[in-house]
K.L.:
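Sending over a structure as structure tokens; questions will come in a sec.
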Amino acid sequence: MIDLAILRDNPEILEKSLARRGLTVDVARLADLDRRVRETRHRAEQVRARQKELGKRIARLQGTEKQEAIAEASALAEEFKRLSAEADQLETEFQEIWVTIPNLVDDTAADGFTEADNQEIKRVGDPPRFDFEPRDHAELGTLLDVIDTDRAAKVSGSRFGYLKGKAALLEFALVRFAMDRLVEAGFTPMVPPVLVREFALFGTGFFPGDREQVYEVPADGLFLVGTSEVSLAAYHAEEILPEEVLPIRYAGFSTCFRREAGTYGRDTTGIFRVHQFDKVEMFAFTHPDASRDEHERLLSIEEDLVQTLELPYRVVNVAAGDLGASAAKKYDIEVWFPSQETYRELTSCSNTTDFQARRLRIRFRAGHGGTELVHTLNGTAIAVGRTIIAILENHQRADGSVRIPEALVPYLGFDLIEPPR
RNA sequence: GGAGAGGUGGCCGAGUGGUCGAAGGCGCUCGCCUGCUAAGCGAGUAGGGGGUUCACAGCCCCCUCGAGGGUUCAAAUCCCUCCCUCUCCGCCA
């Protein structure tokens, strides 16, 4: 949710932001609806005030006087009920639209509406040159017997995979490697719930917009998270934090579940796009003045991790129209995939400013004694599945064996994945 | 799955129809005192919305004691529905 004051005092800012996202919303009508809500509510409150005052006198009155006053108060109560219902109805109508309004786009977010408009900020590392025909990760996975999507299809359907043997070990190495780095950087490690209540998804901005992407467990009224961002953000829901605890930084490890509805035919090879994968996620709660710096900090941590894994990548500033509802600005790190001869998304980090904090009511006690909304940010540290396949593809050799990046060797105890004899 | 208890302010915790947005305590803020620290004394301190306004200053109003509905002139207090938390038993990684 964005600040209502924007709609009231600077609707042109909202107009502009929506236009940058390529959305059409009748802002004038929204503003008018809001005005009518307030007008009606105000009239109702005035009636209520008179009714309450009269009620106080009734306690002290006797006889006829009392009876007359009660009759009058009764009429006021009726009137209040009527106006109040009218205001409720208008407000419902307003909220229905208002909750779908995405965050204001940051001035420095890239222009454009699709992935193709993402603005490249930098490239680091060179794509590997092979003197043989490189295999894609699915081929390598089969050859090395470390990824099995055929049997996964039998057991669970399409877009699932088994990590097997050294790839399974690689997962744990990556997770521990990332966690170690993050703890060093001041993050508190977390293993959060992956089943959450609806409010957590609404609060993080995934609902109502992306509802069809989320697995639901109707019998229990719970939902499977697509990222631990959801459970980490909601961790401090409804809280008023002391200012001095900010920034709060969490490193959450969780499995992520995504329905991938509407992606039929896209990325069907291997485990590039699956319904279930594990991820280490960074999440930060900051003072509003600190979120821009924090965003850059998260990005630099992501870059450090990718560099340490010796993967060639580029950083893009995501186009306004391609941002999620809650993000004001987002950076993606795209890593080179030799089989696709292109850079594909490996990590992503967003500054959601006060959008999630407003919905989740996460505030801090500010210096002046009042409360202010915090800012929240999230960023991928390691998306395990994709990182594994990036390692396979980039560090493969002619015989199909794969070299383990040096930084992971201490976690694994081997430096090569070879085809079984 | 069975049985029971309970949801009140930043936190703990009183409060069964009007004088309760709410005792008391903790915490916090300011001041005083104590030659440091600790203790002590005094005052203040819920959140949200709206109106007025140049104003995030004042002043005024409304809402909120888990949520929603109901009874009543009047509800934290009475009634109904739902949600949530905890305890014991059962099951269980």
K.L.:
How far does the P atom of B:C20 sit from the matching atom of B:C89, given to the nearest Å?
P.N.:
44 Å
K.L.:
Think A:T371 has a side-chain N or O under 4.0 angstrom from the OP1 or OP2 of B:G10?
P.N.:
no
K.L.:
Given B:C61, B:G10, B:C73, identify the nucleotide with an atom nearest to the side chain of A:Q51.
P.N.:
B:C73
K.L.:
Would the base of B:G10 count as contacting A:E239 through its side chain, where contact means a donor and an acceptor less than 3.5 Å apart?
P.N.:
no
K.L.:
For the P atoms, the ones on B:C26 and on B:G18, what distance do you get once it is rounded to whole angstrom?
P.N.:
29 Å
K.L.:
What is the distance from CD of A:E238 to P of B:U8, rounded to the nearest Å?
P.N.:
13 Å
K.L.:
Looking only at atom C1', what distance separates B:C65 and B:G17, rounded to whole Å?
P.N.:
15 Å
K.L.:
Distance check, C1' atoms only: B:C30 and B:A14, in whole angstrom units.
P.N.:
28 Å
K.L.:
Please state whether the rings of A:H236 and A:Y250 are parallel, tilted or perpendicular, taking 30° and 60° as the class boundaries.
P.N.:
parallel
K.L.:
Kindly say whether the aromatic ring centers of A:F223 and A:F207 come within a distance under 6.0 Å.
P.N.:
yes
K.L.:
Both A:H42 and A:Q46 contact RNA chain B. Taking the nearest nucleotide for each, which residue is further toward the 5' end?
P.N.:
A:H42
K.L.:
Which nucleotide in the list B:C73, B:C62, B:G47 gets nearest to the side chain of A:I240?
P.N.:
B:G47
K.L.:
Write down the distance between CG (A:L241) and C1' (B:G47), rounded to a whole number of angstrom.
P.N.:
15 Å
K.L.:
In the strands shown, is B:C65 matched to any nucleotide by a Watson-Crick or G-U wobble pair with both distances under 3.5 Å, and which?
P.N.:
none
K.L.:
Please give, in whole Å, the distance from B:C62 P to A:L54 CG?
P.N.:
13 Å
K.L.:
Under a 4.0 Å N-O cut-off, is there an ion pair linking A:R21 with A:D322?
P.N.:
no
K.L.:
Categorize A:R38 for me: base, sugar-phosphate, or nothing, with a 4.0 angstrom heavy-atom threshold over every strand shown.
P.N.:
sugar-phosphate
K.L.:
Could you please name the option among B:G70, B:G49, B:A75 that lies closest to any side-chain atom of A:R48?
P.N.:
B:A75
K.L.:
Take the protein atom CD1 of A:I362 and the nucleotide atom P of B:G48, then report the distance between them rounded to whole Å.
P.N.:
14 Å
K.L.:
Using heavy atoms to find the nearest nucleotide of RNA chain B for A:R50 and A:D34 separately, return the residue whose nucleotide is more 5′.
P.N.:
A:D34
K.L.:
Checking base pairs now: Watson-Crick or wobble, both atom distances under 3.5 Å. What partners B:A22?
P.N.:
none
K.L.:
Send over the distance from A:R8 CZ to B:U52 P, rounded to a whole Å.
P.N.:
12 Å
K.L.:
Please give, in whole Å, the distance from B:G27 C1' to A:E244 CD?
P.N.:
12 Å
K.L.:
Tell which nucleotide pairs with B:G27, taking only Watson-Crick or G-U wobble pairs whose two distances are both under 3.5 angstrom.
P.N.:
B:U45
K.L.:
Take atom CG of A:L373 and atom P of B:C56, then tell me their distance rounded to the nearest Å.
P.N.:
16 Å
K.L.:
Is it possible for you to check whether A:R386 lies under 6.0 Å from the centre of the six-membered ring of A:F272, through NZ or CZ, and within 45° of that ring's axis?
P.N.:
yes
K.L.:
Which value, in whole Å, describes the distance between the P atoms of nucleotides B:C63 and B:A57?
P.N.:
23 Å
K.L.:
Taking OP1 and OP2 of B:G51, is either one under 4.0 Å from a side-chain nitrogen or oxygen of A:R41?
P.N.:
no
K.L.:
Taking only the C1' atom of each, what is the distance from B:A46 to B:G31 in whole angstrom?
P.N.:
23 Å
K.L.:
For B:C59, give its Watson-Crick or G-U wobble partner with both distances under 3.5 Å, or none.
P.N.:
B:G51
K.L.:
Does B:G40 have a Watson-Crick or wobble partner in any strand here, with both distances under 3.5 angstrom, and which is it?
P.N.:
B:C32
K.L.:
More than 12 heavy atoms of other residues, nucleotides or ligands under 6.0 Å from CZ of A:R176: is that the case?
P.N.:
no
K.L.:
Side chain of A:I70, heavy atoms from C-beta onward: which of B:C73, B:U71, B:G10 has the nearest atom to it?
P.N.:
B:C73
K.L.:
Salt bridge check: are A:R403 and A:D415 linked by an N-O gap of less than 4.0 Å?
P.N.:
no
K.L.:
Rounding to an integer number of Å, can you tell me how far A:E243 CD sits from B:C28 C1'?
P.N.:
14 Å
K.L.:
With P as the reference atom in both, quote the distance from B:U85 to B:C80 in angstrom, rounded to an integer.
P.N.:
23 Å
K.L.:
Do the side chain of A:E406 and the main chain of A:E310 share a donor and acceptor less than 3.5 angstrom apart?
P.N.:
no
K.L.:
Determine which nucleotide pairs with B:U87, using a 3.5 Å limit on both distances of a Watson-Crick or G-U wobble pair.
P.N.:
B:A3
K.L.:
Between A:K52 and B:C63, does any side-chain N or O lie under 4.0 Å from OP1 or OP2?
P.N.:
yes
K.L.:
Using atom P in both nucleotides, what's the gap between B:C91 and B:G1 to the nearest angstrom?
P.N.:
15 Å
K.L.:
So if I take every side-chain heavy atom of A:R197 and compare against B:C84, B:G47, B:A74, which nucleotide ends up nearest?
P.N.:
B:C84
